[in-house]
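Not measured: the values here are computed from a predicted model.
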Amino acid sequence: MKRGQMEEVVMGMNLSRRTFLKSTAATALVAGAYGAGLRPALAAPELAKMDALAQAELVRNGDMTALDLVNAGIERVEQVNGEVNAVVTKFYDRAREAAKGGLPQGPFTGVPNLVKDLDNLAGTRATSGSRLFAENISPETDPLIASDEQAGFVMLGKSNTPEFGLLGTTEPLLLGPSRNPWSLEHSTGGSSGGAAAAVASGMVPLAHATDGGGSIRIPASCCGVFGLKPSRGRIYLGGRSLPGDIGVQHCVSRSVRDSATLMDLSEMKARRPCSRPSAASKGPARSVSRSPSTRRITTASSRMRM
C-alpha cells in the first residue's frame with residue numbers, strides 16, 4: 001500500500017495521520033499527562049511511543065501513577081477497538097481497583113496488558129472463541145497469568161482469538177473478526193490476532209499470547225509487532241502442559257527488550273517464576289537492558305508516528 005493510501009485508511013476512519021493522533025493517542029493519554037504534571041503536547045505522543053519497560057519506569061520515577069497508565073489504556077481501547085475488535089471482554093473496574101491498590105513491585109508495575117481469550121483469569125469470561133463457552137467464567141487464574149500479574153501488569157481485558165486457537169486467522173463466529181490496524185480489510189493473522197492488533201494500534205504496549213504452529217509469529221508479522229515463540233518447556237506453566245503439547249505461552253510486544261525481560265521472568269528457573277533478574281543475570285534480558293533507539297521501539301507504529 002502506498003503512503004498516501006495508508007494515511008486514508010488508518011483505523012478505517014478516513015483521517016489524516018495528524019488528525020488520527022489528535023483524536024486518539026493524544027486524547028487517550030492526555031489525562032495521565034496532566035496528572036503527572038507533564039506538558040500534554042509532549043507527553044501524549046511520547047507515551048504512545050514507549051514500550052512496556054519505559055512506561056513502567058514512569059511509574060517508578062513518580063512521573064505517572066499506575067492508575068494514569070491504566071486509564072490511558074482504557075481510553076485508547078474505547079476509541080480504537082470499535083474498528084479493530086481486538087479486545088472482546090473488558091474488566092475495567094477490576095483493572096482500576098488493581099491499579100489503585102498495592103501492585104507487586106516488578107519490572108512492569110502499572111503497565112496495562114491483555115489476556116488472550118484461551119486462558120483463565122479468575123472471575124472473568126473465558127470463551128476460547130467458541131459459542132459453546134460463551135458464558136463460561138474462569139474459576140481460577142492460570143499460572144502464567146498469575147506470574148504476569150506478579151510482574152506488575154494490570155489486565156484490562158481479553159484479546160480476540162479464533163475458536164480454540166486453531167486457525168491462522170482471527171475470525172470467530174462468537175466474537176467477530178479482529179481487523180488489522182494498518183488496513184481493516186486485511187487479516188491480523190492468528191491465533192493471537194487480537195493481541196497483535198491491540199499492540200499495533202497502541203492499546204497496550206505488550207499483550208499475552210500463545211503459539212503452537214505460528215500463533216504468535218503469524219500475527220506479529222501481519223501487524224508489524226515483535227513476536228517470539230519460546231522453546232517448549234522453557235516457560236513456566238505450573239505443570240499444566242500435556243505430553244505432546246506443542247503450544248507455548250509468551251507475548252507480542254512493541255520492543256525486543258520487553259519480550260526478553262518477560263521471558264527472563266517466566267522461564268523455568270528452579271520452578272520459581274517471576275524472580276527479579278539479578279545484576280549478574282546472563283539471560284536475554286541483560287543483553288537488551290540498555291534503552292533501545294526510537295526506531296527499535298516504534299517498529300510496530302513508525303508509519304503512524306504514534
- prompt: Stepwise, does the side chain to side chain contact (heavy atoms under 4.5 Å, CB included) test hold for N113 with F108?
  reply: CA-CA 10 Å; N113 194 344; F108 297 106; over 6 Å; no
task: Might you confirm whether atom CG of N61 has over 12 heavy atoms from other residues, nucleotides or ligands at distances under 6.0 Å?
output: yes
message: Any heavy-atom pair between the side chains of N160 and P172 that's under 4.5 Å?
response: yes
statement: Residue set satisfying side chain to side chain contact (heavy atoms under 4.5 Å, CB included) with I218, at least two apart, ordered chain then number -> C222
message: Under 4.5 Å between side-chain heavy atoms, counting indirect links through other Ile/Leu/Val/Met/Phe/Trp/Tyr residues: same cluster for V252 and V84 or not?
response: yes
query: Can you list every salt bridge (charged side-chain N to carboxylate O under 4.0 Å, His left out) pair that touches residues 188-203, not counting sequence neighbours?
result: none
query: Which ring-ring contact (aromatic ring centres under 6.0 Å, His included) pairs, counting each pair once, include a residue from residues 78-106, with sequence neighbours left out?
result: none
query: So do the side chains of L53 and T261 get within less than 4.5 Å of each other, counting heavy atoms only?
result: yes
- prompt: Should V111 and M155 be counted in the same cluster of Ile, Leu, Val, Met, Phe, Trp and Tyr side chains packed under 4.5 Å apart?
  reply: yes
message: Could you work out, with side chain to side chain contact (heavy atoms under 4.5 Å, CB included) as the rule, every residue matching A196, not counting sequence neighbours?
response: P219, C223, V225
- request: Would you list the pairs meeting salt bridge (charged side-chain N to carboxylate O under 4.0 Å, His left out) in which at least one residue belongs to residues 102-125, sequence neighbours left out?
  value: D117-K158
- request: Calculate, to the nearest 0.5 Å, the distance between atoms CG and CZ belonging to D51 and R257 respectively.
  value: 4.0 Å
message: For the OG atom of S266 and the CD1 atom of I235, what is their distance to the nearest 0.5 Å?
response: 3.5 Å
message: Using side-chain heavy atoms (C-beta onward) and a distance below 4.5 Å, is M50 in contact with L58?
response: yes
query: Honestly curious: do L175 and V87 fall in one hydrophobic cluster under the side-chain, below-4.5 Å linking rule?
result: no
message: Could you check whether any side-chain N or O of S215 sits under 3.5 Å from a backbone N or O of S191, counting only pairs where one atom can act as donor and the other as acceptor?
response: yes
message: Test of understanding: clusters of I, L, V, M, F, W, Y form through side-chain heavy atoms closer than 4.5 Å, transitively. Do L118 and V88 belong to the same one?
response: no
field: Side chain to side chain, T210 and V248, heavy atoms closer than 4.5 Å
entry: no
statement: Distance col, row S147:OG vs F153:CZ, nearest 0.5 angstrom, shows 10.0 Å
query: After noting the C-alpha distance and the side-chain angles of N180 and S183, does the key distance pass the side chain to side chain donor-acceptor pair (under 3.5 Å) rule?
result: CA-CA 5 Å; N180 195 310; S183 171; over 6 Å; no
Verify same cluster id: L114, V80 (apolar side-chain graph, 4.5 Å): yes
message: Rounded to the nearest 0.5 Å, what separates atom CD in Q249 from atom NZ in K229?
response: 12.0 Å
field: Working for side chain to side chain contact (heavy atoms under 4.5 Å, CB included), residues V204 and R76
entry: CA-CA 8 Å; V204 292; R76 180 73 170 173; over 6 Å; no
query: With side chains defined as the heavy atoms from C-beta onward, is the minimum distance between M203 and N81 less than 4.5 Å?
result: yes
message: Measuring from atom CG of D258 to atom CE of M263, what distance do you get when rounded to the nearest 0.5 angstrom?
response: 13.0 Å
- line: Residues at least two apart in sequence or cross-chain that pass side chain to side chain contact (heavy atoms under 4.5 Å, CB included) with F133, listed by chain then number, are S130, N136, F164
message: Looking only at side-chain N and O atoms, does S178 offer a donor or acceptor that is under 3.5 Å from a partner on T170?
response: no
field: salt bridge (charged side-chain N to carboxylate O under 4.0 Å, His left out) contacts in which one or both residues fall within residues 162-179, not counting sequence neighbours
entry: none
message: Given H208, which partner from the list D142, I145, L121 fulfils the side-chain contact (heavy atoms from CB on, under 4.5 Å) test?
response: I145
Sole residue of P112, C251, S259 in side-chain contact (heavy atoms from CB on, under 4.5 Å) with L206: C251
- prompt: Taking all non-hydrogen atoms of both residues, which atom of V154 and which atom of A98 are closest, and how far apart?
  reply: CG1-CB, 4.3 Å
field: S187 (side chain) donor-acceptor with G189 (main chain) under 3.5 angstrom
entry: yes
task: Could you check if a side-chain atom of L237 sits within less than 4.5 angstrom of a side-chain atom of P143, using non-hydrogen atoms only?
output: no
- line: The salt bridge (charged side-chain N to carboxylate O under 4.0 Å, His left out) partners of E149 (sequence neighbours excluded) come to R94
query: Is there side-chain contact between R96 and L67, with at least one heavy-atom pair below 4.5 Å?
result: yes
message: My understanding is that only residues two or more places apart in sequence, or in another chain, count here; which of them pass side-chain hydrogen bond (donor to acceptor under 3.5 Å, both in side chains) with T109?
response: none
Shortest non-hydrogen contact from S138 toward A126: OG-CB, 3.2 Å
- prompt: Rounded to the nearest 0.5 Å, how far apart are CG of L262 and CD of E267?
  reply: 10.0 Å
query: Okay, side chain of T65, backbone of D68: is any donor-acceptor separation there less than 3.5 Å?
result: yes
statement: Residues at least two apart in sequence or cross-chain that pass salt bridge (charged side-chain N to carboxylate O under 4.0 Å, His left out) with R217, listed by chain then number, are D211
- prompt: With sequence neighbours left out, what residues match K90 under salt bridge (charged side-chain N to carboxylate O under 4.0 Å, His left out)?
  reply: E78
- request: Please list, chain by chain and in numerical order, all residues satisfying side chain to side chain contact (heavy atoms under 4.5 Å, CB included) with L174, sequence neighbours excluded.
  value: T127, R131, A134
- request: Would you check if V70 and L156 make a side-chain contact, meaning some heavy-atom pair closer than 4.5 Å?
  value: yes
- request: For residues S255 and F226, report the shortest heavy-atom separation together with the two atoms involved.
  value: O-CD2, 4.2 Å
